[in-house]
Amino acid sequence: MSSAYTLSHLGALEAESIHVLREAVAESERPVLLFSGGKDSAVVLHLAVKAFHPARLPFPILHVDTGHNFPEVIEFRDRQVAHYDADLLVASVQDWIDEGRLVEERGRNASRNRLQIEPLVATIEEHEFDAVFGGARRDEEKARAKERVFSFRDEFSQWDPKAQRPELWDLYNARTRRGEHVRVFPISNWTEADVWGYIRDQQIELPSIYYAHPRRVFSRDGMWMAESDHIQMTGDEQVQERSVRFRTVGDMPVTGAFESTATTIDEIIEEVRVTRVTERGASRADDRMTEAAMEDRKKQGYF
């Protein structure tokens, strides 16, 4: 008498992601996990811990710190690193600016988001990382929809969407030459709803800004921007207190909130269920600059 072995939808996604993590570590020499402190990187970190339990993570965590992060996100990052006894590397955009290697943007729409590219690429080169895990998903944005699970980067860390490797039957090619690497996206096939369902089922901690909370904000380009010393306001922009939450985590000057009363994961899942706009499309000003804003940055080495 045989018993059928079945997995739930989220169970199948988890199994696929753990397979990707283990495959990448088996085929690489110096992997690293990019960690922004957002919900997707928190899920990837949780999956990585599961994949290699009971051993410690077999790779360090790398955070590209713009210096304009939400304080709640930095506190969350440090708690996660301590909780998992992980090794943390920080590539500081502020250090590069102080050393004169980067020039900070000025003006109303100034952001440090694009400035992350050079510190990230330099850190990958310095440590000779050949596999870099990230939390990107295909449903986030059209440029990310073009990514393979194992996304090849040349010796300049550049991405050519027309030169991606086939991944038939979930067979992954991690082969690289010296100076090259692959960006590996274990949750590439997940949706935002999948991520939140998994966070609920696994009871994964997140930064508090993902849940509705009162915050001093002002309206700009259809988004509620958090009041901050990092954002230059114009004379007609007025600060007010609203109940808001953030769907994505990024550089404060380009990350918008939206009005919400969702304080629980079930309430957030219901919001996600009825929305017709992706989290990046709804709340990331840097992706609104041009139609190909994300793709242009990715070609230069952005994650």
Side-chain angles (χ1 to χ4, degrees), residues 30 32-38 40-41 60-78 81 87-130 132-136 141 143-144 151 153-160 179-181 183 207 220-221 223 225-234 246 248-256 280 283-290 292-303:
R30 298 182 64 83
V32 66
L33 189 152
L34 285 176
F35 188 78
S36 68
D40 299 311
S41 58
I61 292 172
L62 169 59
H63 180 221
V64 183
D65 184 358
T66 68
H68 288 176
N69 296 286
F70 289 89
E72 297 94 330
V73 174
I74 297 300
E75 293 168 4
F76 171 71
R77 178 201 70 186
D78 293 342
V81 169
D87 297 321
L88 176 66
L89 297 173
V90 177
S92 171
V93 171
Q94 185 63 58
D95 287 349
W96 278 60
I97 293 172
D98 292 343
E99 294 164 6
R101 293 191 285 173
L102 289 174
V103 178
E104 188 161 17
E105 297 177 9
R106 301 293 180 185
R108 178 180 182 273
N109 295 315
S111 164
R112 291 185 174 183
N113 206 35
R114 186 179 290 273
L115 300 185
Q116 298 177 73
I117 296 173
E118 292 186 56
L120 169 62
V121 170
T123 303
I124 291 172
E125 292 176 350
E126 177 187 353
H127 294 273
E128 298 182 344
F129 293 128
D130 55 356
V132 182
F133 294 110
E141 199 272 343
R144 287 184 164 169
S151 184
R153 296 301 196 273
D154 65 19
E155 64 271 26
F156 303 106
S157 292
Q158 294 179 334
W159 175 64
D160 182 355
E180 300 171 341
H181 69 278
R183 306 277 173 93
R220 173 178 290 181
D221 300 330
M223 297 183 293
M225 309 300 296
E227 181 186 34
S228 168
D229 293 338
H230 305 314
I231 305 177
Q232 180 178 326
M233 297 177 60
T234 59
F246 294 83
T248 181
V249 162
D251 203 25
M252 288 189 74
V254 295
T255 304
R280 293 194 70 93
S283 57
R284 291 297 288 270
D286 50 331
D287 290 342
R288 299 182 178 188
M289 298 299 183
T290 68
M294 170 64 84
E295 184 163 329
D296 290 342
R297 293 198 305 273
K298 289 178 75 64
K299 288 178 179 179
Q300 297 170 25
Y302 188 78
F303 50 91

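None of the values given here were measured: they were computed from a predicted structure. Atoms considered below: every heavy atom in the structure, side chains included; atoms not considered: hydrogens, waters and symmetry mates.
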Pairs meeting criterion side-chain hydrogen bond (donor to acceptor under 3.5 Å, both in side chains) with involvement of residues 117-129, two or more places apart: E128-R178
Minimum side-chain heavy-atom gap L120-L62 below 4.5 Å: yes
Minimum heavy-atom distance between S228 and M252, given as atom pair plus value: CB-CE, 3.6 Å
Donor-acceptor contact present, side-chain D130 to main-chain R30, <3.5 Å: yes
Closest non-hydrogen atom pair between W96 and A122, with its separation: CZ2-CB, 3.5 Å
Pairwise distance CD(E180) to CG(D154) - rounded to 0.5 angstrom: 7.0 Å
From D251 atom CG to I231 atom CD1, the distance as rounded to the nearest 0.5 Å: 9.0 Å
V249 vs E72, side chain to side chain contact (heavy atoms under 4.5 Å, CB included): CA-CA, chis, key distance, verdict: CA-CA 10 Å; V249 162; E72 297 94 330; over 6 Å; no
Residue pair V73 / F246, side-chain heavy-atom distance below 4.5 Å: no
With S41 via side chain to side chain contact (heavy atoms under 4.5 Å, CB included) - residues at least two apart: F35, S36
Pairwise side-chain contact, H63 with N69, heavy-atom cut-off 4.5 Å (strictly under): yes
Residue pair R153 / V121, side-chain heavy-atom distance below 4.5 Å: no
Closest contact, heavy atoms only, V32 versus P60: CG2-O, 3.4 Å
Check: V132 and L34 side chains under 4.5 Å, non-hydrogen atoms: yes
Side chain to side chain, T248 and T255, heavy atoms closer than 4.5 Å: yes
Give every donor-acceptor pair under 3.5 Å between a side-chain atom in residues 97-104 and any protein atom, sequence neighbours left out.
| residue | atom | partner | partner atom | Å |
| --- | --- | --- | --- | --- |
| D98 | OD1 | Q94 | NE2 | 2.8 |
| E99 | OE1 | R101 | NE | 2.9 |
| E99 | OE1 | R101 | NH2 | 2.7 |
| E104 | OE1 | R112 | NH2 | 3.3 |
| E104 | OE2 | R112 | NE | 2.8 |
| E104 | OE2 | R112 | NH2 | 3.1 |

Side-chain (Q116) to main-chain (N113) donor-acceptor, under 3.5 angstrom: yes
Pairwise side-chain contact, R77 with V90, heavy-atom cut-off 4.5 Å (strictly under): yes
